[in-house]
Amino acid sequence: MKQMLFSVVAGLTLSLATSAAHAGSDAVVVEDAWARASIGTSRPGAAYMEIRNTGDETVTVTGLVTDLAKMPEIHRTSTDDRGVSSMAPAGEVEIAPEATVALEPGGLHAMLMQLQRPMKEGESFSLTLLFSDGGEVRVEIPIRSISARGPED
Ligand SMILES: [Cu+2]
């Protein structure tokens with residue numbers, strides 16, 4: 001009897017693990033990541049990408065980690081009614097099921113403060129997105145030219 005109970009429990013655990021494979025941050029896909037080259041390290045860099053939630057539950061980005069910058073943070077640029085733009089930390093970023101959040105010039109972006117080395121065109125760096133469910137998504141980000149405006153430049 002004890003033996004049978006164990007196998008039922010084991011089977012249940014297995015099926016839960018299988019269904020969780022495409023839920024939460026495991027269901028996150030990052031596309032079109034790019035960054036602009038920097039002149040040096042005195043000013044912060046920025047990176048852009050599309051973060052798509054292919055799952056059926058909301059996911060929350062809680063932070064960023066990269067060895068390129070000591071203080072990577074998601075910022076939001078906003079423009080007031082006089083046309084003056086400013087930016088501030090965006091805090092946690094929620095992505096609804098089937099939704100895509102774009103990090104793009106003039107909007108949300110990954111701000112790379114305290115650069116540890118210059119961002120050189122043609123090189124790439126890795127950036128890890130941290131999620132509230134404990135998951136991490138690592139993205140390799142190609143560095144485009146200093147005048148790039150999108151992932152194809
Ligand atoms: Cu910023």
Side-chain angles (χ1 to χ4, degrees), residues 13 15-153:
T13 309
S15 70
L16 280 176
T18 309
S19 69
H22 292 289
S25 56
D26 285 338
V28 169
V29 177
V30 175
E31 292 166 324
D32 291 339
W34 65 284
R36 224 176 255 135
S38 71
I39 294 172
T41 57
S42 59
R43 301 196 60 206
Y48 311 100
M49 69 199 75
E50 297 207 335
I51 309 171
R52 191 151 56 93
N53 179 8
T54 67
D56 54 10
E57 47 188 69
T58 296
V59 298
T60 305
V61 184
T62 56
L64 307 172
V65 175
T66 175
D67 66 0
L68 177 68
K70 273 193 180 159
M71 255 187 80
E73 196 169 55
I74 295 183
H75 278 186
R76 186 188 305 278
T77 299
S78 47
T79 307
D80 69 14
D81 45 18
R82 288 173 304 166
V84 179
S85 58
S86 57
M87 62 183 173
E92 298 191 339
V93 176
E94 283 192 359
I95 311 174
E98 306 293 332
T100 299
V101 164
L103 307 191
E104 58 194 356
L108 287 171
H109 53 279
M111 198 82 196
L112 307 170
M113 293 171 288
Q114 299 181 31
L115 286 179
Q116 299 301 290
R117 55 182 187 271
M119 296 169 71
K120 290 189 185 146
E121 182 176 356
E123 294 185 354
S124 68
F125 64 98
S126 80
L127 178 80
T128 301
L129 308 177
L130 307 179
F131 290 86
S132 60
D133 64 1
E136 301 182 353
V137 174
R138 188 183 161 122
V139 189
E140 193 65 20
I141 303 182
I143 301 173
R144 305 301 185 198
S145 83
I146 204 157
S147 59
R149 290 203 228 157
E152 313 301 331
D153 283 344

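Worth saying up front: this structure is predicted, and the values here are computed from it rather than measured. Counting starts at 1 for both ligands and their atoms, following the listed order. Note that these values count all heavy atoms, side chains included, but never hydrogens, waters or copies made by symmetry.
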Does atom CD of Q116 have more than 12 heavy-atom neighbours from other groups under 6.0 Å away?
-> yes
Are any N, O or S atoms from T77 nearer to the Cu ion (ligand 1) than 2.8 Å?
-> no
Once the angle between the rings of H75 and H109 is folded into 0 to 90°, is it parallel (under 30°), tilted (30 to 60°) or perpendicular (over 60°)?
-> perpendicular
Within a radius of less than 6.0 Å around CZ of R138, do more than 12 heavy atoms belonging to other residues, nucleotides or ligands occur?
-> no
With the Cu ion (ligand 1) at the center, what angle do SD from M111 and NE2 from H109 span, rounded to 10 degrees?
-> 100°
Electrostatic pair R52-D32, nearest N-O below 4.0 angstrom | no
What N/O/S atom of H75 is the closest to the Cu ion (ligand 1)?
-> ND1
